[in-house]
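To start, the structure itself, in structure tokens.
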There are 2 protein chains.
Amino acid sequence: MPDDRWENALSRVLELTLLLGRDATENLTRMGLTEARAHLLWELRTLAPCTQRELATVLRVTPRAVTALVDGLAETGFVTREPCPTDRRATLVTLTEQGHATTQVMVDGFRNLARQLFTDMPADVFDGFDDGLIHVISRLRTLLARNQQEASTTQAGH
Amino acid sequence: MPDDRWENALSRVLELTLLLGRDATENLTRMGLTEARAHLLWELRTLAPCTQRELATVLRVTPRAVTALVDGLAETGFVTREPCPTDRRATLVTLTEQGHATTQVMVDGFRNLARQLFTDMPADVFDGFDDGLIHVISRLRTLLARNQQEASTTQAGH
DNA sequence: TATTGTTATACTCTATAACTATA
DNA sequence: TATAGTTATAGAGTATAACAATA
């Protein structure tokens with residue numbers, strides 16, 4: 001198989017990420033959310049109530065960034081902070097009623113998008129698409145793990 | 001087909017975008033680039049020399065943002081500004097030698113990634129994956145165009 | 001001692017608005 | 001008048017470092 005076809009496919013993947021990002025930003029803006037805050041809310045949907053430390057880990061940002069994001073989400077009424085009963089250093093972030101309603105809108109939007117993207121895709125194409133996704137994600141995970149390893153050995157070398 | 005499979009596929013697409021972003025950020029950081037600056041450089045690869053106005057249009061950001069990005073890229077030696085010979089208001093952004101070398105590294109990385117992602121994907125799976133991408137991108141374009149239209153009519157209604 | 005979250009500070013990206021120079 | 005790019009200003013997101021409270 002010529003490399004051209006692979007490069008075209010990867011170009012399409014990148015275009016897809018651009019278009020999805022554009023769609024998401026538009027919809028989130030209408031809900032009064034940014035992508036970073038929506039990402040936190042999305043994780044909270046399954047993790048709440050959870051500590052800011054946990055959020056920092058799953059979002060792959062610093063605790064400082066979580067403080068800022070939770071500040072914003074609390075000011076706009078999506079979440080509240082509560083003291084953690086078992087660890088007085090920690091605070092638990094929970095969804096308000098508005099926060100629950102908003103994550104539900106996000107879930108509905110997600111399902112709706114899935115339906116609109118795939119509803120009239122031929123079954124055999126869908127199967128190949130899904131298998132391809134699994135394959136590509138697996139490859140990418142391997143690559144990232146390898147980079148991670150290289151980075152840490154490089155650091156150790158200093 | 002049950003909606004579950006569509007939702008799982010969309011989840012995988014989102015995961016893929018996350019992983020690709022992580023990989024890109026890591027590689028770009030090593031080159032002394034951010035994603036925004038790399039995006040501008042990537043467009044410059046085919047457009048240079050071009051005006052900042054053109055860059056603002058293709059990057060979908062304001063002229064002000066382009067000024068800031070070009071400032072940063074010029075300071076770090078990737079691009080230079082030159083007066084536009086046909087329009088004295090405009091400036092042409094061109095790639096320096098370092099800029100050319102860097103975009104070449106980016107292209108090589110892109111090709112390398114395509115190879116690593118698809119090299120041992122069965123041909124029939126690849127075909128389905130690629131067809132699926134085309135289908136999904138087409139749907140998404142339609143959706144975005146519809147949202148765009150709604151937004152402008154809503155605005156006109158005021 | 002290690003961990004949780006904060007304050008202090010700074011950098012990048014982006015936007016709007018007002019302005020200059022040019023078309 | 002309209003356009004290209006800038007300055008001024010502001011807000012969001014993120015990072016590092018120093019610190020307080022707690023484990």
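Residue numbers begin at 1 in each chain, while the letters A, B, ... track the order of the sequences. Just so it is clear, the model here is predicted, and its values are computed rather than measured.
- Listed by chain and number, the residues in a side-chain hydrogen bond (donor to acceptor under 3.5 Å, both in side chains) with A/D131 amount to none (sequence neighbours excluded).
- For D/dT14, its base never sits under 3.5 Å from the side chain of A/R64 at any donor and acceptor pair.
- Counting only residues at least two apart or on different chains, no salt bridge (Lys or Arg N to Asp or Glu O under 4.0 Å) pair has a member in residues 32-52 of chain A.
- Pairs engaging residues 133-143 of chain A under the salt bridge (Lys or Arg N to Asp or Glu O under 4.0 Å) rule: A/R139-B/D120, A/R141-B/E15 [sequence neighbours left out].
- Each of A/R89 and B/A36 was assigned the nucleotide of DNA chain C with the nearest heavy atom; the assignment lying further toward the 5' end belongs to A/R89.
- The stretch residues 54-78 of chain A participates, sequence neighbours left out, in these salt bridge (Lys or Arg N to Asp or Glu O under 4.0 Å) pairs: A/D71-A/R81.
- Taking 4.0 Å as the cutoff to heavy atoms of chain B, we find the contact window on DNA chain C bounded by C/dT12 to C/dA23.
- Residues B/L143 and A/L113 approach most closely at CD1-CD1, 3.6 Å, considering heavy atoms.
- With sequence neighbours left out, A/T76 forms a side-chain hydrogen bond (donor to acceptor under 3.5 Å, both in side chains) with no residue at all.
- Listed nucleotides: D/dT22, D/dG5, D/dA12. Nearest to the side chain of B/A90: D/dG5.
- Residues passing the side-chain contact (heavy atoms from CB on, under 4.5 Å) test with B/T96, sequence neighbours excluded: B/T80, B/Q98.
- Taking every heavy atom of residues 67-87 of chain A and every atom of DNA chain D, pairs under 4.0 Å involve A/A68, A/L69, A/D87, by number.
- Among residues two or more places apart in sequence or in another chain, the ring pair (Phe, Tyr, Trp, His ring centres under 6.0 Å) test is passed with A/F129 by A/F118, B/F129.
- Residue contacts shown for A/T62 include a base, since a base heavy atom lies under 4.0 Å away.
- Residue pairs meeting the salt bridge (Lys or Arg N to Asp or Glu O under 4.0 Å) criterion with at least one member in residues 88-113 of chain B, sequence neighbours excluded: A/E7-B/R111, B/D87-B/R89.
- Screening residues 22-52 of chain B for ring pair (Phe, Tyr, Trp, His ring centres under 6.0 Å) gives B/W42-B/F110 as the qualifying pairs, with residues at least two apart or on separate chains.
- For DNA chain D, the neighbouring residues in residues 40-53 of chain B, judged by any heavy atom under 4.0 Å, are B/T51, B/Q52, B/R53.
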